[in-house]
Every structure is written in C-alpha cells, then in structure tokens.
Amino acid sequence: MVLRYTAPKGTRDVLPSEAEIWQQLEGLFHSLAELYGYREIRTPIFERTELFLRGLGEVTDIVQKEMFTFTDRGGRSLTLRPELPAGTVRAFLEHNLAEEGPVCKFRYFGPAFRQERPQAGRYQQFTQYGVECFGSRDPASDAEVIDLAMAFLERAGLAAVELRLNSIGCPICRPAYRSRLLAYLTARVGELCPLCRERMEKNPLRILDCKSPSCRAVVAAAPLTVEHLCPACAEHFAAVKDYLTSLGRSFILAPHLVRGLDYYTNTVFEVVAPGLGAQDAVIGGGRYDGLIETCGGPPTPGVGFAGGLERLLLALAAAGAGPREKRVPLVFLAPLGAAPKELAVRLAHEMRTTGLRVDLDYRSRSLKAQLREADRQGARVVVILGEDELARGKAALKWLDGGGQEEIDLSVLVAYLREKTCSE
RNA sequence: GUGGGCGUAGUUCAGCUGGUCCAGAACGCCAGGUUGUGGCCCUGGAGGUCAUGGGUUCAAAUCCCAUCGCUCACCCCA
C-alpha cells in the first residue's frame, strides 16, 4: 500500500470510534472542575516566543530544544504553545483578572506542541488539560488541586494510580539546600553519569531524579529537600499532607521527585499509572509562587496540575478500563421499493427534527442487508416500510433486542417512537 | 540529537536458512443459503505492484545497500 500522505510525525488521528471516549473524558473533566470552582479559559494555540522563554525558564529542555517556533511576516517570533499554563498566566495578567477577586481559578483543555522524538505516551501534538489556582498561598489549595486531579482520574476509570508527593522548598530555603547538595555531589562527582556532571552547573536538583543506576546510588545518600525546608515551607508541606489525609487521598512521599520546569516551588507531585512504559506520569503539577512574577505580573502565588489526555487514554487501555459508552438509541429506517424510500427520506428528516437519532441505507438493498446494517450500527429498532404496509397506512417496527415486531399507524409513528426510545 | 526493532489484504498477523508463494489465515466487508426479516451457522466473492528505489542471483516478500515511514528506548516531560 503506497500512501501519498501520512499524518505528520508525532501526531495522530482520533477516529470516530475513539472520539466518543474523548468527548466523555473532556466532558467529565469540565463538569468535575466546574464543581471545584475552576472556570474554563481558552487561550491561543500560539503565543509570542518570549512568553515561553520567561515563563518556562531559558535553560529548560522545552525551551532549548522542543519548541515549534516560527516567524510571522512581520518578523515576530511566535511559538506553538508547549504547555498551557504560560498562556493562562498571560491572559490573567493582560485582562487584569486578579481584580475580579483575590483567588482566580481556571481550567483549560486543548492541544499543545513539542518538537521531540515521539515514543509511547509522547506526541508532538498532545492534549493538555489542567487547572490553575492563582492568588492563594494556603496549603488547602494545594490539597484541593491534588484532590481534583485524583477525582478526575478515579471517575475516568483509572483506579490503580500512585500519587507521588514532595516539596522542593522556596527561594529562601533552596539556595542553602542547593549548596549542601552540591557539596555532597562534588565529593562523589566521579560516580555521576556524564549528563549529571553537566547538571551540576545548571540544575543540580535534577540529579536527584536521574535514572542512571550509578547516579541513583550516589543520590541515595544525598541530602533531601524535605530535610532542609525553611520553617514556613516545612509547615506548608505538613499542612498539605494533613489535608490530603483528611480528604482520604493517600500519597507516597517521593523525596527525589523534582519537576523539570523551573517555576515550581514548595509542593510538587505527579500521578503515575501502570502499563505506560517509560512515560508513566499521567498528571504532574505543583505550586509555582514565582511564575506570575516571572511573567511580568505582581507577586502572586499559584498551584495547579496538568495532564495529557493521550496518556490517560493509554493508561485506561492498559488497565482495561474506561468510561462506559452510552449512546442515544438509534432508529433505523428500512424502505423496500421506490415509493417507500421517498417516504423514508421524509420521515428521517421529520424524526431528526423531533430529536430522534435516525439513520438509513440509501443503497436500496435487500431487507436482509438493511437489517444487517441496522444491527451493525447497534440500532434499537428498525422501521420496515414496505409496499404492503404503506397500502394500509402502517409501518412495521422490529425491535432488535428481541422485543418482537408490531405494526403502527404512520400517523402516530413518530410520536410512538419518541415515547418508546426517549423515555430512558 | 543518539541507539534498538519493524514495514506483507481494511485490521491483526503467518510466510523470511531464496525456487509449486504471479503470496496465505483470522477478523472485517459484500453476496447467497430465506423471491420482505438482523445477530449464530454454512457457502461463495471482492480486496495486496509483499513501504520505495537499486543491487546480488537462472530465480527475491525472503539476501545486501540506500531512502522514506512507523515504533520503542535514552534525554525530558503530559
């Protein structure tokens, strides 16, 4: 088979059979976030490049090698958003939404783009959903965000997940911790992988997260962030844990968890699911009290999480779980002959106008073929329109789930079908 | 950016130590078995330049090279 065109690398088509699950998950996310008070915000798919440089940090991998950047005809540098929080912050500041109240809570859902080699659970275009809570420093907000993330996964049908939690401190306690860590690592630098030796300069915290066995051995005895929090951070972290416990959300302390984006402070967490291969985090998030200021706004605390829908779908498939599909009952029209077909076309129009889901086969095939088609589509009932029935002003209704067959006057057909199929 | 695996019907795959393979199976699709009755069953049918290009050979889906594509992993993240 010679294909002239294929979808671009790292992108995928959501075919009709899958689109239904997408709709359900999207709907679930919106309705649940709504219950928690997070209102939807939709921002552009591309932004000025500088926004991401500032927001994400110039030394992050995303900025250094993963952005889809282009220049418009006016010579401005634009970038397809690699994540949604930056645009959300921009809109928050641009429209002075902070004026509407001390705490602003947003949810978002939409495509994001990163130019990197695709692999299981990682795409160049993926769908990011998440929430942001701006303006609250309260640990209860951290707990709320995490609770919402977990509730969403739970309701989506993903039961076996693991919530991993850590605190990486704030600008007050982190420098001190950082130098302690560096002192420890410098003594054993020879045992680190080449990559981590480079990290010593740029981002030593990331070494804690390295998967290389030799680094893990070094890191096992390294000082931990949680042991060097300032009193405020320690208190905050303790409160987050207490809140989570009282909400019935169990978690696993992950002292080596550090997230790859510069803007995180205090709480960081991720939710991992089994069966996902190397990319097993379905949701990641945390607190980022410095982000809004970095983007040019007033000092404003924030917490949030972001998840990838494609990854969630993979996890659901691996777990053999997922939301149940619930479709509107289908009425299938099966005309036999020219005159009945003409009537069927008009009937279908009328029925659809009244809200019935109706389909028919225009190919004028045998009744057997039409019934097979109805069955294939999962129809609830077939309306058989033959010359005989029409002559008597009637139609035959065949209920496909074993309910038998009956004749109904054409004059009351639509009302009858509505009553029978729209009641549940 | 680096490394491994793979590209055969709509789908999942078999065939790959070269020769009844100008290629098979299952599922799906179409039709018949029931001159107007689905799902199960039976029968038949359609559907593939074996990713593309080149090479080796009397002979290549099968060996070699290149290109393209997919995939997994590293890096990093959703």
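Lettering of chains follows the sequences in order, A, B, ..., and the numbering in each one begins at 1.
Computed from coordinates, the A:Glu116 CD to B:rA73 C1' distance equals 13 Å when rounded to whole Å. One interatomic measurement links the two molecules: NZ of A:Lys368 to C1' of B:rG33, which rounds to 7 Å at whole-angstrom precision. Atom C1' of nucleotide B:rG38 and atom CG of A:Leu360 are separated by 17 Å, given to the nearest angstrom. One atom, NZ of A:Lys65, and another, P of B:rC74, lie 13 Å apart when rounded to the nearest Å. With rounding to whole Å, A:Glu310 atom CD is found 17 Å from B:rU71 atom C1'. Between A:Arg117 atom CZ and B:rG69 atom P the separation is 11 Å, expressed in whole Å. A:Leu276 has its CG atom 11 Å from the C1' atom of B:rA78, to the nearest Å. The interatomic distance linking A:Gln370 (CD) with B:rC30 (C1') rounds to 15 Å, in whole Å.
Residues passing the salt bridge (charged side-chain N to carboxylate O under 4.0 Å, His left out) test with A:Arg12 are A:Glu18, sequence neighbours excluded. Partners of A:Leu181 under the side-chain contact (heavy atoms from CB on, under 4.5 Å) rule, at least two apart in sequence or in another chain, are A:Tyr177, A:Leu185, A:Pro204, A:Leu205, A:Leu208, A:Ala222, A:Pro223.
Taking the centre of each ring, A:Tyr129 and A:Tyr108 stay at or above the 6.0 Å mark. Ring pair A:Phe106/A:Phe134: centre-to-centre distance below 6.0 Å. Checked against a 6.0 Å centroid threshold, the rings of A:Phe46 and A:Phe68 do not count as neighbours.
The residue among A:Ser366 and A:Asp209 whose nearest nucleotide of RNA chain B lies closer to the 5′ end is A:Ser366. With the nearest nucleotide of RNA chain B identified for both A:Ala7 and A:Arg114, A:Ala7 has the one nearer the 5' end.
Nucleic acid contact for A:Arg365: sugar-phosphate only, since backbone atoms but no base atoms lie under 4.0 Å from a heavy atom of the residue. Across all strands, A:Leu195 comes closer than 4.0 Å only to sugar-phosphate atoms, never to a base (heavy-atom distances). Within the 4.0 angstrom heavy-atom criterion, no nucleotide atom of any strand lies near A:Val382. Counting any heavy atom pair closer than 4.0 Å across all strands shown, A:Glu198 reaches no nucleic acid atom. At the heavy-atom level, A:Ile62 lies nowhere under 4.0 Å from the strands shown. Residue contacts shown for A:Ala281 are limited to sugar-phosphate atoms, with no base heavy atom under 4.0 Å away.
Taking every side-chain heavy atom of A:Leu367 into account, B:rG36 is the closest of B:rG36, B:rC74, B:rG33. The A:Leu371 side chain lies nearest to B:rU37 when the options are B:rU37, B:rG69, B:rC30. Out of B:rC75, B:rA78, B:rU37, the shortest distance to the side chain of A:Gln405 is found at B:rU37. The listed nucleotides are B:rG36, B:rG3, B:rU37; the one nearest the side chain of A:Leu336 is B:rG36.
Residues A:Lys341 and A:Ser364 form a side-chain contact, since some pair of their non-hydrogen atoms from C-beta on lies under 4.5 Å apart. Residues A:Cys133 and A:Val103 form a side-chain contact, since some pair of their non-hydrogen atoms from C-beta on lies under 4.5 Å apart. No side-chain heavy atom of A:Lys105 sits under 4.5 Å from any side-chain heavy atom of A:Arg39.
Shown here, B:rC27 forms a base pair with B:rG10; the pair counts as Watson-Crick or G-U wobble because both key distances fall under 3.5 Å. Under the Watson-Crick and G-U wobble criteria, each requiring two contacts below 3.5 Å, nucleotide B:rU35 is left unpaired. Checking B:rU52 for Watson-Crick or G-U wobble geometry (two distances, each under 3.5 Å) identifies B:rA66 as its partner. In this structure, B:rG1 forms a base pair with B:rC74, meeting either the Watson-Crick or the G-U wobble geometry with both donor-acceptor distances under 3.5 Å.
Spacing between B:rA26 and B:rU20 at atom C1', rounded to whole Å, works out to 24 Å. The P atoms of B:rA51 and B:rC16 are separated by 16 Å, rounded to the nearest whole Å. Look at the C1' atom in both B:rU43 and B:rU52: the space between them is 40 Å, to the nearest Å. A distance of about 23 Å separates the C1' atoms of B:rG53 and B:rA9, rounded to the whole Å. Distance noted for atom C1' between B:rC68 and B:rG32: 44 Å (whole Å). Comparing B:rU49 with B:rA78, their C1' atoms sit 42 Å apart, to the nearest whole Å. When the C1' atom is used for both B:rU71 and B:rG54, the distance is 26 Å, rounded to whole Å. The gap from the P atom of B:rC64 to that of B:rG1 amounts to 27 Å, rounded to the nearest Å.
Note on ring orientation: taking the six-membered ring where Trp is involved, the planes of A:Phe109 and A:Phe29 are tilted (angle from 30° to 60°).
Taking 3.5 Å as the limit, the base of B:rG39 and the side chain of A:Asp375 contain no donor-acceptor pair of atoms between them. The base of B:rG1 does not come close enough to the side chain of A:Glu66 for any donor and acceptor atom to sit less than 3.5 Å apart.
Using a 4.0 Å cut-off on heavy atoms, the residues of residues 121-131 of chain A that approach RNA chain B are A:Gly121, A:Arg122, A:Tyr123, A:Phe126, A:Gln128, listed by number.
At least one side-chain nitrogen or oxygen of A:Arg372 sits closer than 4.0 Å to the OP1 or OP2 atom of B:rA31. Look at A:Gln119 and you'll find a side-chain N or O under 4.0 angstrom from OP1 or OP2 of B:rA73.
A:Ala315 and A:Leu276 get closest at one heavy-atom pair: N-CD2, 3.5 Å.
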